[in-house]
Visitor: 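Structure provided below as structure tokens; questions to follow.
Per chain, numbering begins at 1; letters A, B, ... match sequence-line order. These numbers come from a predicted model, not from an experiment.
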Number of protein chains: 2
Amino acid sequence: MRDFAPTEARLDVTRAKYPAFPREPAVLVRLIKHLFKEIHDEANGKLRAYGLNHPEYNILMMLYGSPDNRMHPSELADAAGEKSANVTRLTTQLCEKGYIVRSGSEEDRRKVTLTLTPEGLAAIADFLPDIVTLLHRQTRNLAKNEQEQLELLLKKMLAGFGGIGGRAS
Amino acid sequence: MRDFAPTEARLDVTRAKYPAFPREPAVLVRLIKHLFKEIHDEANGKLRAYGLNHPEYNILMMLYGSPDNRMHPSELADAAGEKSANVTRLTTQLCEKGYIVRSGSEEDRRKVTLTLTPEGLAAIADFLPDIVTLLHRQTRNLAKNEQEQLELLLKKMLAGFGGIGGRAS
DNA sequence: TGTTGAATATACACAAATGAACTATATACT
DNA sequence: AGTATATAGTTCATTTGTGTATATTCAACA
């Protein structure tokens, strides 16, 4: 278990030097960062045994979450939160592993369709039990209603992003 | 604002194919991942104007959060959630920018001490107003008591990590 | 139709992050 | 004291991620 107390102590010091620094927002941002890194590292650890990394796993699961096991790269980029250039690389890797196939789209010839192969589905069936165990472990400290409460708050926070004054684009 | 509905739809499809896949844990993990990416991207956007990126900013703020503006690399790695090899690289960059200095430690000659320079402090004073604005914006959708509630739940979740069956080490 | 502007995917050069090996120092144990 | 073991930090090779330019196709519209 990680100890978050030092982080809070640092925040107190920071606020003593610069009182306008807002405690709650800063705590939340740092908590999310730490959680993400833990989740990411643990998932990578589990997946290494299957010859995959976390982003590749995400791509596979996004495809698996589609009714016909297929998506376009731009959809994938949005779903997995990866830049499109990165999706190209990741899907190329997965193609080389034989887990997905690329094919042109007829309705819009700019588009490419990425589809899970039987081998890809088999790989998913292979690692999912381990992932399910991991997911349960990562949330074991939260009761069911706490998980729902947390989901609600995170969604609310996420909804505040990207509005006016957002990133330069 | 990001729309999270497609992610939930994908989860429903996934659960139809593989019922054991746990909805709440998966939603939470994906929400945290999306939030982190948004936070990271927005911070990078703001900081670019100051010639810094998010990890460099984090290092500076961890040092700033120390009473005497100094830390050892291993402490920094833990505090900023970075691998030690990465801390070496990041602190080298910050040294080159003149924001921190490296010095040996007398009590333990294996250790290195990293200290903010006056230039580093000036840089912090320079970008902090912008960061404070950003932090407020990123949490604008949450009332004060919601922020506290969220903090509590995230801490509780984080506390469940790294226990038995953790990553291979 | 022909032209303009937007969208899709990729290529490529560069930046950032990681794992594993290595050096140096400290600590524990006999 | 002497040897084994652990810790702190760095280096290096490799993997992973990003920004920008480019080719292709589509959509809008004069």
Visitor: When you check the gap from the basic side-chain N to the acidic O, do A:E8 and B:K155 get nearer than 4.0 Å?
Guide: yes
Visitor: What about B:R110: does its side chain form a donor-acceptor pair under 3.5 Å with the base of C:dA26?
Guide: no
Visitor: Whole Å only: how far is the CE atom of B:M71 from the P atom of D:dA8?
Guide: 13 Å
Visitor: Which value, rounded to the nearest 0.5 Å, describes the distance between B:S66 atom OG and B:L116 atom CG?
Guide: 9.0 Å
Visitor: Both A:E106 and A:H40 contact DNA chain D. Taking the nearest nucleotide for each, which residue is further toward the 5' end?
Guide: A:H40
Visitor: Establish, with yes or no, whether the OP1 or OP2 oxygen of C:dA11 is under 4.0 angstrom from a side-chain nitrogen or oxygen of A:R89.
Guide: no
Visitor: Compare side-chain N and O positions of B:N86 against OP1 and OP2 of C:dA16 and report whether any pair is under 4.0 Å apart.
Guide: no
Visitor: Considering every strand and a 4.0 Å limit on heavy-atom distances, what is the contact class for B:D108: base, sugar-phosphate, or nothing?
Guide: sugar-phosphate
Visitor: In whole angstroms, how far is the C1' atom of D:dG17 from the CZ atom of A:F36?
Guide: 12 Å
Visitor: D:dT7 phosphate, OP1 or OP2: any side-chain N/O from B:S74 under 4.0 angstrom?
Guide: no
Visitor: For A:L114 and C:dA9, give me the distance from atom CG to atom P, rounded to whole Å.
Guide: 8 Å
Visitor: Are B:K156 and B:E151 close enough for a salt bridge, meaning some N to O gap below 4.0 Å?
Guide: no
Visitor: Using the side-chain heavy atoms of A:Q93, tell me which of these nucleotides is nearest: D:dT16, C:dG19, C:dT10.
Guide: D:dT16
Visitor: Starting at atom CD of B:E107, determine the distance to atom C1' of D:dA8, rounded to an integer number of angstrom.
Guide: 12 Å
Visitor: Under 4.0 angstrom, heavy atoms only, what part of the nucleic acid is A:S84 near: base, sugar-phosphate, or nothing?
Guide: base
Visitor: Taking the ring of A:Y57 and the ring of A:F127, is the distance between their centroids below 6.0 Å?
Guide: yes
Visitor: Using whole Å, what does the distance between atom C1' of nucleotide C:dT8 and atom CD of A:E82 come to?
Guide: 18 Å
Visitor: To the nearest Å, how far apart are B:N44 CG and D:dG17 C1'?
Guide: 12 Å
Visitor: From CG of A:L90 over to P of C:dA11, roughly how many Å is that when rounded to an integer?
Guide: 14 Å
Visitor: Please confirm whether the shortest side-chain N or O distance from A:K83 to OP1 or OP2 of D:dT18 is below 4.0 Å.
Guide: yes
Visitor: Does A:R109 put a side-chain nitrogen or oxygen below 4.0 Å from OP1 or OP2 of D:dT24?
Guide: no
Visitor: Salt bridge check, B:E82 against A:K37: does any charged N sit closer than 4.0 Å to a carboxylate O?
Guide: yes
Visitor: Where the side chain of A:T88 is concerned, which of C:dG19, D:dT10, C:dT10 is the nearest nucleotide?
Guide: C:dT10
Visitor: What's the CG-P distance between A:L76 and C:dA9, to the nearest Å?
Guide: 9 Å
